[in-house]
Peer 1: 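Got a structure for you, questions after.
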Protein chains: 2
Amino acid sequence: MILARIQKLSVAIPENLAEMLEEEIIFGRLKSRERLTEEMVAARYGVSRSPVREALRLLERDGLVMREARRGIWVSPMSQRDFDEVYTCRIELEGLVAKQAAESADIEKKAEFKNLLSELKQAQARNDARQFFIVDVRGSFLTYTLAGNKTLTRLLGGLEKQALRYRYHAYEQDPKIIQLSLDDTARIYDAITAGDGESAKAMTENLIREIWQSMRAGIRDAFGEG
Amino acid sequence: MILARIQKLSVAIPENLAEMLEEEIIFGRLKSRERLTEEMVAARYGVSRSPVREALRLLERDGLVMREARRGIWVSPMSQRDFDEVYTCRIELEGLVAKQAAESADIEKKAEFKNLLSELKQAQARNDARQFFIVDVRGSFLTYTLAGNKTLTRLLGGLEKQALRYRYHAYEQDPKIIQLSLDDTARIYDAITAGDGESAKAMTENLIREIWQSMRAGIRDAFGEG
DNA sequence: CGACACCATACTGTATACAATATACAGGTC
DNA sequence: GACCTGTATATTGTATACAGTATGGTGTCG
């Protein structure tokens with residue numbers, strides 16, 4: 001999703017717009033509660049309001065913006081409450097997808113995890129947070145692909161992005177949070193590659209729960225309880 | 001969602017259109033794989049293509065229609081595979097929502113379950129399947145409201161509808177499947193009202209799993225493995 | 001000074017017009 | 001006859017014009 005969008009803009013403008021806005025929101029260039037007027041977005045990207053409206057519907061679907069009928073659209077507010085919601089859902093669904101991914105027999109795809117892991121380490125070494133998160137998302141999508149459950153992928157797509165907003169914020173506050181993410185991610189990848197569904201699930205659930213707990217106080221301090 | 005839409009059509013046309021199309025799809029008047037052209041829908045409901053496009057985006061979000069860029073939109077195909085996907089996700093998420101609903105202290109809302117249950121029994125006695133499912137959906141949304149987890153509600157909204165398609169189909173094949181649904185539903189309501197989150201969760205998971213298994217063969221016979 | 005009504009403005013919501021693209025079919029070429 | 005190419009048509013995708021509504025300010029009245 002993120003990435004790989006140059007020169008694609010000629011087709012599927014709404015999807016591409018949505019991806020670009022997504023990035024703006026995840027990486028905090030569009031801030032929580034900031035208003036988005038259709039005309040502003042249209043002017044900024046040099047298109048008309050029609051594709052903008054559809055792009056905003058897509059963002060709404062993924063919980064990145066909130067619409068109030070006939071009033072407008074705002075970047076979704078962040079709060080500890082929202083964070084809790086996203087993470088309680090993630091625990092269940094990421095656990096399930098890890099289990100189903102582990103049960104896949106697609107050895108070649110599983111081998112990809114090794115490359116991703118080294119890319120993650122490189123990004124971390126270079127202190128390139130943006131790249132780190134982009135690769136991390138690719139890892140998530142690899143997991144989703146392995147699981148081969150389209151419905152689950154659809155649901156997780158809309159959670160992953162919200163989660164990433166919080167994770168990127170946490171990184172900005174304290175860059176060494178990446179270390180935690182990297183260790184966790186490596187362990188998850190290993191569990192999936194090993195092919196033991198039940199333990200992959202349990203590990204994933206535990207790891208996400210850990211991250212959740214470690215980030216929780218900081219989120220409250222930054223955004224309030226909600 | 002279903003229901004309560006007469007005279008609201010003046011505002012929020014896309015949402016209302018989506019609800020009506022939703023019903024058409026769930027109750028099988030729009031069949032699996034049937035093509036939907038924007039102009040056809042627009043003409044049928046006496047509106048222009050703009051709100052139709054947005055309504056179709058909403059249906060896409062909930063997995064009820066599939067879009068292929070620049071080719072068109074089709075009612076999502078049903079299959080045992082898709083059914084399995086929806087139900088594996090439902091087990092996790094409905095379990096979670098039941099737990100969180102049980103933990104709510106909103107006694108008045110919980111009391112509503114009693115009324116819903118008697119409505120369900122009436123609908124069953126009258127053999128009014130459509131009404132049965134409509135009330136059942138209201139029960140689900142009451143549970144979601146009690147849980148007070150907007151993110152979870154957003155995710156479940158898109159699963160519930162897909163699930164209902166399969167459940168309505170099963171009903172058409174064999175009307176006494178409603179009996180199973182009623183018993184299950186009553187037990188779930190009781191568990192939530194009792195306020196024991198963990199057991200509400202476990203019960204819900206088991207009950208959904210039971211329904212899943214009982215319907216699975218029939219779904220394969222009707223729609224193929226996928 | 002406060003409250004209410006009115007109007008201007010800005011924006012969302014809808015309709016329509018236009019552009020671009022996919023599909024089917026006809027005709028030509030090998 | 002098989003395959004390719006070009007063109008007609010249907011449908012999606014985008015731009016623009018118009019309608020309706022929420023908001024903020026101004027003025028008037030109590």
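Numbers restart at 1 for each chain; the letters A, B, ... are given by sequence-line order, proteins then strands. Model, not experiment: these values are computed from the prediction.
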Peer 1: Please state how far atom CD in B:E15 lies from atom P in C:dT12, giving the value in whole angstrom units.
Peer 2: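 My rounded result for the distance is 15 Å.
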
Peer 1: Side chain of A:P14 only, heavy atoms from C-beta on: which candidate in D:dT14, C:dT21, C:dT14 is closest?
Peer 2: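 Given the options D:dT14, C:dT21, C:dT14, the side chain of A:P14 is closest to D:dT14.
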
Peer 1: Using the side-chain contact (heavy atoms from CB on, under 4.5 Å) rule, take B:S50 and A:R53 through it: C-alpha gap first, then chi angles, then the decisive distance, then the call.
Peer 2: CA-CA 10 Å; B:S50 307; A:R53 280 181 71 83; over 6 Å; no

Peer 1: Check nucleotides 15-19 of chain C for protein N or O atoms closer than 3.5 Å to its own N or O atoms and list the pairs.
Peer 2:
from: C:dA15; atom 1: OP2; to: B:S48; atom 2: N; distance (Å): 2.8
from: C:dA15; atom 1: OP2; to: B:S48; atom 2: OG; distance (Å): 2.8
from: C:dA15; atom 1: O5'; to: B:S48; atom 2: OG; distance (Å): 3.4
from: C:dA15; atom 1: N7; to: B:S50; atom 2: OG; distance (Å): 2.6

Peer 1: Any side-chain heavy-atom pair from A:C89 and B:L155 closer than 4.5 angstrom?
Peer 2: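 Side chain of A:C89 against side chain of B:L155, heavy atoms only: contact under 4.5 Å found.
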
Peer 1: Do B:E60 and B:R57 sit within salt-bridge range, that is, some charged N less than 4.0 Å from a carboxylate O?
Peer 2: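 Yes, this pair counts.
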
Peer 1: Atom CZ of B:R70 to atom C1' of D:dT12: distance rounded to whole Å?
Peer 2: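 Those two atoms, CZ and C1', are 8 Å apart.
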
Peer 1: Would the distance check show the side chain of A:K110 and the main-chain N or O of A:L146 forming a donor-acceptor pair, the cut-off being under 3.5 Å?
Peer 2: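 The answer is no, because no donor-acceptor pair under 3.5 Å joins these two groups.
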
Peer 1: Whole-Å distance between C:dT12 P and A:I73 CD1?
Peer 2: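 So the CD1-P distance, A:I73 to C:dT12, works out to 7 Å.
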
Peer 1: Of all the nucleotides listed (C:dT14, C:dT21, D:dT12), which has the minimum atom distance to the side chain of B:E38?
Peer 2: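 Given the options C:dT14, C:dT21, D:dT12, the side chain of B:E38 is closest to D:dT12.
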
Peer 1: With sugar-phosphate meaning primed atoms plus P, OP1 and OP2, does A:L56 contact a base, only sugar-phosphate, or nothing at under 4.0 Å between heavy atoms?
Peer 2: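 No contact at all - A:L56 keeps every heavy atom at 4.0 Å or more from the nucleic acid.
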
Peer 1: Could you pull out the protein-nucleic contacts involving nucleotides 23-25 of chain D (nitrogen or oxygen on both sides, under 3.5 Å)?
Peer 2:
from: D:dT23; atom 1: OP1; to: A:R71; atom 2: NE; distance (Å): 2.5
from: D:dT23; atom 1: OP1; to: A:R71; atom 2: NH2; distance (Å): 3.1

Peer 1: Rounded to whole angstrom units, what separation is found between the CD atom of B:E54 and the P atom of D:dG13?
Peer 2: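 Atom CD in B:E54 sits about 14 Å away from atom P in D:dG13.
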
Peer 1: May I have the distance from A:E60 (atom CD) to C:dT12 (atom P), rounded to whole angstrom?
Peer 2: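 In whole Å, C:dT12 P and A:E60 CD are 13 Å from each other.
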
Peer 1: Checking salt bridge (charged side-chain N to carboxylate O under 4.0 Å, His left out) against A:K161, which of A:E24, A:E19, A:E22 comes through?
Peer 2: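 Exactly one pass, corresponding to A:E22.
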
Peer 1: Does this structure show an ion pair linking B:E23 with B:R130, if we count only N-O contacts that are shorter than 4.0 Å?
Peer 2: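 Between B:R130 and B:E23 there is a salt bridge, with a charged N closer than 4.0 Å to a carboxylate O.
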
Peer 1: Just wondering, do B:T143 and B:I188 contact through their side chains at under 4.5 Å, heavy atoms?
Peer 2: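 They are not in side-chain contact.
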
Peer 1: Can you tell me if A:R53 touches the phosphate of C:dG13, counting only side-chain N or O atoms and a distance under 4.0 Å to OP1 or OP2?
Peer 2: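 So the side chain of A:R53 is within the cut-off, an N or O lying under 4.0 Å from OP1 or OP2 of C:dG13.
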
Peer 1: Return the value, rounded to whole Å, for the distance between atom CZ of A:R67 and atom C1' of C:dC11.
Peer 2: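 Computing the A:R67:CZ to C:dC11:C1' distance gives 12 Å.
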
Peer 1: Charged N to carboxylate O under 4.0 angstrom, B:D82 versus A:K150?
Peer 2: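 No, B:D82 and A:K150 are not salt-bridged.
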
Peer 1: Rounded to whole angstrom units, what separation is found between the CZ atom of B:R35 and the P atom of D:dA10?
Peer 2: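 That distance rounds to 12 Å.
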
Peer 1: Under 30°, 30 to 60°, or over 60°: which ring-plane class applies to A:W212 and A:Y87, parallel, tilted or perpendicular?
Peer 2: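 If you compare the ring of A:W212 with that of A:Y87, the planes turn out parallel.
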
